[in-house]
Amino acid sequence: MSDLVATWDISLSDGVHKVEFEHGTTTGKRVITVDGKEIFRQDWMFKLVGKEHFQVGKTKCCITIDAVSGFAYEYTMDVNGKPLKKFQENQSKIMRTWVLYLGGKDTRIVLEKDTLDVWVNGRRVETMGEFVDDGTETHFEIDNHSAYIKAETTGKRRDGIIHKLYVDDIEIPLAKE
């Protein structure tokens, strides 16, 4: 029988990772699974509360187990030292993500705004930047399809720069992750 007590989705540049946590409330068993692969197991522990530290790629994560009342527990996740919700809010500020159906499969494209790295299905791709009249274009290829991300100013300081993805000269809407 599974002691699965919590699942979280963490959106990173290389994809969305599913973290599952099992906690045996009588044995203290702790199991952490990332994307279906077990990365940590402790079968018997006397201490039923505490923290478990692990990594998803190079991203540091921590699951905290707190007793709420009696034998009820609360499970929270921190990512890079921040609560998951705050981490996700920060990620949405520094990343732009698009998902499209291309060549018979879903394709996920991510722009890291702070480094200008472009990721396609979890792999960083080579890009070439170009200045154009109304901003910049970052060109790359996806399975023999030409693509570019256009960065242009809105003209409003508060809104800053907007990024649009074009694949084969067709604009792709931003994903809602």
Side-chain angles (χ1 to χ4, degrees), residues 6-21 32-40 52-64 76-177:
T7 61
W8 298 273
D9 288 326
I10 304 172
S11 184
L12 301 173
S13 299
D14 66 346
V16 178
H17 300 278
K18 183 176 187 158
V19 176
E20 297 175 309
F21 184 60
I32 300 172
T33 306
V34 177
D35 298 330
K37 182 180 176 205
E38 187 177 299
I39 64 163
F40 175 82
E52 291 301 336
H53 298 273
F54 63 101
Q55 288 191 198
V56 177
K58 294 180 180 174
T59 304
K60 295 178 182 178
C61 301
C62 178
I63 296 172
T64 302
T76 56
M77 165 94 73
D78 287 349
V79 181
N80 281 346
K82 295 182 175 74
L84 180 59
K85 184 175 167 101
K86 186 73 173 165
F87 175 80
Q88 288 172 326
E89 288 169 3
N90 288 347
Q91 287 294 92
S92 71
K93 291 176 188 171
I94 65 165
M95 285 183 1
R96 289 292 173 261
T97 304
W98 298 269
V99 177
L100 68 145
Y101 194 73
L102 188 65
K105 64 182 184 218
D106 282 333
T107 302
R108 182 175 187 266
I109 298 144
V110 175
L111 168 69
E112 289 182 350
K113 293 188 332 182
D114 55 347
T115 62
L116 297 180
D117 286 339
V118 175
W119 298 73
V120 176
N121 292 333
R123 300 190 70 180
R124 199 173 82 196
V125 296
E126 290 293 318
T127 61
M128 187 188 80
E130 172 183 15
F131 288 102
V132 294
D133 289 339
D134 51 353
T136 63
E137 293 178 357
T138 303
H139 294 265
F140 56 100
E141 283 205 8
I142 309 167
D143 297 332
N144 297 320
H145 293 271
S146 65
Y148 66 93
I149 297 172
K150 184 168 191 153
E152 56 190 10
T153 181
T154 59
K156 299 174 187 163
R157 187 171 170 200
R158 186 157 166 63
D159 295 336
I161 296 173
I162 57 173
H163 297 87
K164 296 179 182 178
L165 171 67
Y166 294 88
V167 177
D168 296 332
D169 291 320
I170 299 169
E171 184 177 348
I172 307 301
L174 275 168
K176 294 172 178 46
E177 283 196 328

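FYI, side chains are in, hydrogens and waters are out, and symmetry mates aren't considered; it's all heavy atoms of this structure.
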First locate atom CD of Glu137, then atom CZ of Phe131, and finally report the distance between them rounded to the nearest 0.5 Å. 12.0 Å

Do you know the tightest heavy-atom contact between Arg108 and Ser13? NH1-O, 3.5 Å

Working to the nearest 0.5 Å, report the span between CE of Met77 and CG of Asp9. 9.5 Å

Under the ring-ring contact (aromatic ring centres under 6.0 Å, His included) test against Tyr166, which residue among Tyr148, Phe140, Trp98 passes? Tyr148

Can you tell if the side chain of Glu89 reaches within under 4.5 Å of the side chain of Lys82, non-hydrogen atoms only? no

Candidate pair Glu171 and Lys150, rule salt bridge (Lys or Arg N to Asp or Glu O under 4.0 Å), full reasoning: CA-CA 10 Å; Glu171 184 177 348; Lys150 184 168 191 153; over 6 Å; no

Of Leu165, Ile162, Leu174, which meets side-chain contact (heavy atoms from CB on, under 4.5 Å) against Arg96? Leu174

Using the rule side-chain contact (heavy atoms from CB on, under 4.5 Å), only one of Asp143, Thr107, Val110 pairs with Val120; which is it? Thr107

Rounded to the nearest 0.5 Å, what's the gap from OG1 on Thr127 to CD1 on Ile149? Could you check? 8.5 Å

Might you point out which heavy atoms bring Glu152 and Asp134 nearest each other, and give the distance in Å? CB-O, 3.2 Å

Asp106 side chain to Tyr101 backbone, donor-acceptor under 3.5 Å: no

Value for CG (Leu12) from OG1 (Thr59), rounded to nearest 0.5 Å, stands at 4.5 Å

Under a 3.5 Å distance rule, please check whether Asp78 uses its side chain to pair with a backbone N or O of Cys61 as donor and acceptor. no

Exam field: side chain Lys113 to backbone Lys93, donor-acceptor pair closer than 3.5 Å: yes

Going from CD on Glu52 to CD1 on Ile32, what distance comes out if it is rounded to the nearest 0.5 angstrom? 5.5 Å

Can you tell me how far apart OG (Ser146) and CG (Asp169) are? Round to the nearest 0.5 Å. 6.0 Å

With distance as the sole criterion, is a donor-acceptor pair present between the side chains of Ser11 and Gln91 under 3.5 Å? no

Do the side chains of Trp8 and Ile63 get nearer than 4.5 Å, heavy atoms only? yes

